[in-house]
There are 2 protein chains.
Amino acid sequence: MPHDRDPTLTDDELDTWSAFATVLEWLPPALDAPLAAGFELTHFEYGLLYALADAPERTLRLSVLADYANSSLTRLSRAVSRLEARGWVRREPDPSDGRSTLAVLTLEGLTRFDDATPAHLATLQQVIFDPLTKAQQRQLTQISRRIATAIRQQPGWQPTANAPAPGRAGESSA
Amino acid sequence: MPHDRDPTLTDDELDTWSAFATVLEWLPPALDAPLAAGFELTHFEYGLLYALADAPERTLRLSVLADYANSSLTRLSRAVSRLEARGWVRREPDPSDGRSTLAVLTLEGLTRFDDATPAHLATLQQVIFDPLTKAQQRQLTQISRRIATAIRQQPGWQPTANAPAPGRAGESSA
DNA sequence: CGCATTTACTTGCTCAGTCAAGTTAAAGCT
DNA sequence: AGCTTTAACTTGACTGAGCAAGTAAATGCG
């Protein structure tokens, strides 16, 4: 298996990584800035509103929402609290499971989402789709999928939750 | 100018964005985790050591280092303080300009960098280069450059520093 | 040469995110 | 039915980053 080669990057690889790393560093703030400036939303929070706006009854269980948002439950819980404080989301107990909590998008939240959407889509067009050819766009899809798959296969990869490293389950002291 | 089209994503665009957004969310932690676990370094801090290790005298002015690292001066200043506290970097006054500060990589810092490098390169291979074909790698370089360029052209883009929005310079009250 | 400006940082405040440790509810086992 | 596990969050302590304001040195210019 030709896996762990010489631990060096070729010149080509270095070019690739340096360009890509710059995007990794700059793109998140570039996506956040317009939403923050105009709508008091981070890109992450916008993503939550997006998921809820699309969901039946504009309602999702927190754990499902965390999954959609590629987020830890902790991060989600705090984000929902912020959105709740602004009146854009409401928490409700899940009637079918007392452990779960439902997040419901309020009308104000939906309005805010609708207001923010054009600006956000414009940003995406400007920084992602306009600068790429159709072919490059397709390439980016494939490349992203492959990288995402590789990340999921990393040693200690936790899909989204804070899996408490099960240790050896069922090995109680007895 | 066919610029601000209908504010919607096509299905293709949605596919692209959803795949790419996942990478944007997952890759940074995937790069950080091994460095943090094994070497008490974030990926960002590793980048600083990398830049210093390559520099003449293993020394760079903070502002230059900030530039290399795509970082604000604030972020850099704090990061250097952390590395200094661990004994991996030293601050020195710049003899040629009293305002500047030099960051010098210590021997311990260099050692730490050398120790961490193989693990980090292995991570890069695993999550970026192994999963891509040579062609895709070239495509990623081009795509990244184009996106980075587009970001730089965004309305309020600050290259790296915290440019205090000059307003109208030279327009004092007088 | 003296004073206003600009440059190069540094630091206080605040906020978002993580990890670890709780809490409450459902499931599983016997 | 009772007791241990597991699941679904929530919260406290801590860390890293951003913005705004502050400091100190150099520069510009009249």
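Below, chain A is the first sequence line, B the second, and so on; all start at residue 1. If you're wondering where the values come from, they're calculated on a predicted model, not measured in any experiment.
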May I ask you to verify if any side-chain N or O of Thr74(B) is less than 4.0 angstrom from the OP1 or OP2 atom of dA17(D)?
no
For Thr149(A), give me all partners under side chain to side chain contact (heavy atoms under 4.5 Å, CB included), at least two apart in sequence or on another chain.
Arg152(A), Gln153(A)
Write down the distance between CG (Asp67(B)) and P (dC9(C)), rounded to a whole number of angstrom.
12 Å
Just call it for Asp97(A): base, sugar-phosphate, or nothing, with non-hydrogen atoms closer than 4.0 Å on any strand.
sugar-phosphate
I'd like to know if the side chain of Thr59(B) reaches the main chain of Glu57(B), judged simply by a donor and an acceptor atom lying under 3.5 Å from each other, with no hydrogens or angles considered.
yes
Decide whether Leu110(B) and Leu102(B) are clustered together by the hydrophobic rule: side chain heavy atoms of Ile, Leu, Val, Met, Phe, Trp, Tyr closer than 4.5 Å, transitively.
no
May I have the distance from Arg75(A) (atom CZ) to dT11(D) (atom P), rounded to whole angstrom?
19 Å
Would a distance-only check, ignoring hydrogens and angles, find a side-chain to backbone donor-acceptor pair under 3.5 Å from Thr16(A) to Asp12(A)?
yes
Between C1' on dA25(C) and CG on Leu62(A), what's the gap in Å once rounded to a whole number?
15 Å
Specify the residues of residues 77-89 of chain B, ordered by number, for which at least one heavy atom lies under 4.0 angstrom from an atom of DNA chain C.
Ser77(B), Arg78(B)
Glu25(B) CD - dA16(C) C1' separation (whole Å)
13 Å
Classify the ring geometry between Tyr46(B) and His43(B) as parallel (under 30°), tilted (30 to 60°) or perpendicular (over 60°).
parallel
Would you check, one step at a time, whether the test salt bridge (charged side-chain N to carboxylate O under 4.0 Å, His left out) holds for Glu45(B) with Arg86(B)?
CA-CA 12 Å; Glu45(B) 289 162 352; Arg86(B) 289 168 203 165; 3.5 Å; yes
Would one find a side-chain N or O of Ser72(B) under 4.0 angstrom from OP1 or OP2 of dG18(D)?
yes
Whole-Å distance, Arg99(B) CZ to dT23(D) C1', equals 13 Å
Taking DNA chain C as the partner, which of residues 33-56 of chain B come within under 4.0 angstrom of it by heavy atom?
none
Less than 3.5 Å apart, any donor N or O on the side chain of Arg91(B) or Ser81(B) sitting next to an acceptor on the other?
yes
Output the rounded distance in Å from CG (Leu76(A)) to P (dC9(D)).
8 Å
Ignoring hydrogens and geometry, is there a side-chain-to-backbone donor-acceptor pair from Arg58(A) to Leu105(A) under 3.5 Å?
yes
Of Leu65(B), Val104(B), Leu83(B), Leu48(B), the one forming a side-chain contact (heavy atoms from CB on, under 4.5 Å) with Val89(B) is Leu83(B)
Could you give the CG-to-P distance, from Asp94(B) to dC9(C), as a whole number of Å?
8 Å
Round to a whole Å and report the spacing from CZ of Arg61(A) to P of dA7(D).
12 Å
